[in-house]
Number of protein chains: 2
Amino acid sequence: MKIRTPADLGAVIRDRRQQLKLDQAGFAEKIGVSRKWVIEIERGHPRAELGLVLRALDALDLVLDAGTGTARPRKASAVDIDAIVAKAKKGKT
Amino acid sequence: MKIRTPADLGAVIRDRRQQLKLDQAGFAEKIGVSRKWVIEIERGHPRAELGLVLRALDALDLVLDAGTGTARPRKASAVDIDAIVAKAKKGKT
DNA sequence: ACAAAAAGTCACCGATCGTTTACATTTCGC
DNA sequence: GCGAAATGTAAACGATCGGTGACTTTTTGT
């Protein structure tokens with residue numbers, strides 16, 4: 001599942017939590033937050049703390065992967081010419 | 001890049017920002033936060049707001065994808081028997 | 001239908017967020 | 001080596017987080 005908004009994140013967490021047959025209380029305890037926090041996250045609370053969110057995902061055995069959104073314009077030279085030239089000028093190989 | 005900690009997130013953001021040749025000020029303005037916020041996020045601040053983080057990633061054209069961390073134990077029945085049986089009993093198809 | 005479990009709501013509170021403005025330090029081109 | 005641009009620090013401040021505990025509503029099992 002792609003996550004672009006807090007609501008997306010909430011949905012992912014809730015789905016996975018239920019898949020694992022955990023109730024909010026058990027889940028909250030597992031990640032060390034209050035039950036209130038779980039309720040709010042699943043609701044899509046946009047101001048939740050990053051660290052707690054990552055702990056939650058970890059507890060659900062979920063891992064985030066960041067990738068460029070651009071469909072498939074892949075190929076456009078994996079090398080950054082500018083950067084290489086700049087370094088060359090500096091003599092840094 | 002897999003993101004498991006706030007520091008991972010910070011690294012991903014910083015790398016991508018530089019790839020895009022944006023300075024902190026420009027980046028901050030683009031996502032509507034203070035420059036300080038950018039500095040802290042790139043440092044791995046664990047209590048950053050989820051919403052702002054998502055806006056930042058979006059501005060960098062990065063998308064998060066949540067996947068189960070378990071290497072490849074894929075296969076274990078994609079169907080949740082219990083859930084299906086439960087629903088059947090309730091008559092919900 | 002009923003009781004129990006799970007989920008959601010409320011008010012209060014200390015802690016910390018993110019903003020702003022100004023200054024300090026580091027990095028870069030030339 | 002200079003000067004400018006980029007990056008990092010600091011202090012003050014209003015706003016909001018997340019925790020707790022008690023209560024209400026919804027869902028679930030039988």
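Naming convention: chains lettered A, B, ... in sequence-line order (proteins, then strands); numbering from 1 in each chain. What you see below is based on every heavy atom in this structure, not just the backbone, and it leaves out hydrogens, waters and symmetry mates. For clarity, every value in this text was computed on a predicted model and none was experimentally measured.
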*Length of the CG-C1' vector between A:Leu52 and D:dG19, whole Å*: 11 Å
*Establish whether B:Leu22 and B:Trp37 are linked, either directly or via other cluster members, by ILVMFWY side-chain heavy-atom contacts under 4.5 Å.*
yes
*May I have the step-by-step check of side chain to side chain contact (heavy atoms under 4.5 Å, CB included) for A:Leu60 and A:Ile31, ending in yes or no?*
CA-CA 9 Å; A:Leu60 294 172; A:Ile31 63 186; over 6 Å; no
*Answer with base, sugar-phosphate or nothing: what part of the nucleic acid does B:Ala48 contact at a heavy-atom distance below 4.0 Å?*
sugar-phosphate
*Is A:Val38 touching bases, backbone alone, or none of the nucleic acid, heavy atoms closer than 4.0 Å?*
nothing
*Taking CG from B:Leu50 and P from C:dG18, how many angstroms apart are they, rounded to a whole number?*
11 Å
*In whole Å, what is the span from the NZ atom of A:Lys36 to the P atom of D:dG19?*
8 Å
*asked:* Can you work out whether B:Arg17 or B:Arg47 has the more 5'-proximal nearest nucleotide on DNA chain D?
replied: B:Arg17
*Phosphate oxygens OP1/OP2 of D:dG18: is one of them under 4.0 Å from a side-chain N or O of A:His45?*
yes
*Could you tell me whether B:Glu40 atom CD has more than 12 heavy atoms of other residues or ligands within 6.0 Å of it?*
yes
_Closest to the B:Arg35 side chain, choosing from C:dT19, D:dC17, C:dA22_ = C:dA22
*Calculate the interatomic distance between B:Gln24 atom CD and D:dA6 atom C1'; express it in whole Å.*
7 Å
*Among the nucleotides D:dC17, C:dA7, C:dT19, which one has an atom lying closest to any side-chain atom of B:Trp37?*
C:dT19
*Residue A:Asp23, side-chain heavy atoms: nucleotide from C:dG8, C:dA6, C:dT19 that is nearest*: C:dA6
_Measuring from the side chain of A:Arg14 (C-beta onward, heavy atoms only), which nucleotide among D:dG18, C:dG18, C:dA7 has the closest atom?_
C:dA7
*Verify same cluster id: B:Leu62, A:Val63 (apolar side-chain graph, 4.5 Å)*: no
*Give B:Arg55 one of three labels, base, sugar-phosphate or nothing, depending on what nucleic acid heavy atoms sit under 4.0 Å from its own.*
nothing
_What is the separation between atom CZ on B:Phe27 and atom P on D:dA5, rounded to the nearest whole Å?_
22 Å
*Would you mind reading off the distance between A:Ile39 atom CD1 and D:dT20 atom P, rounded to a whole angstrom?*
14 Å
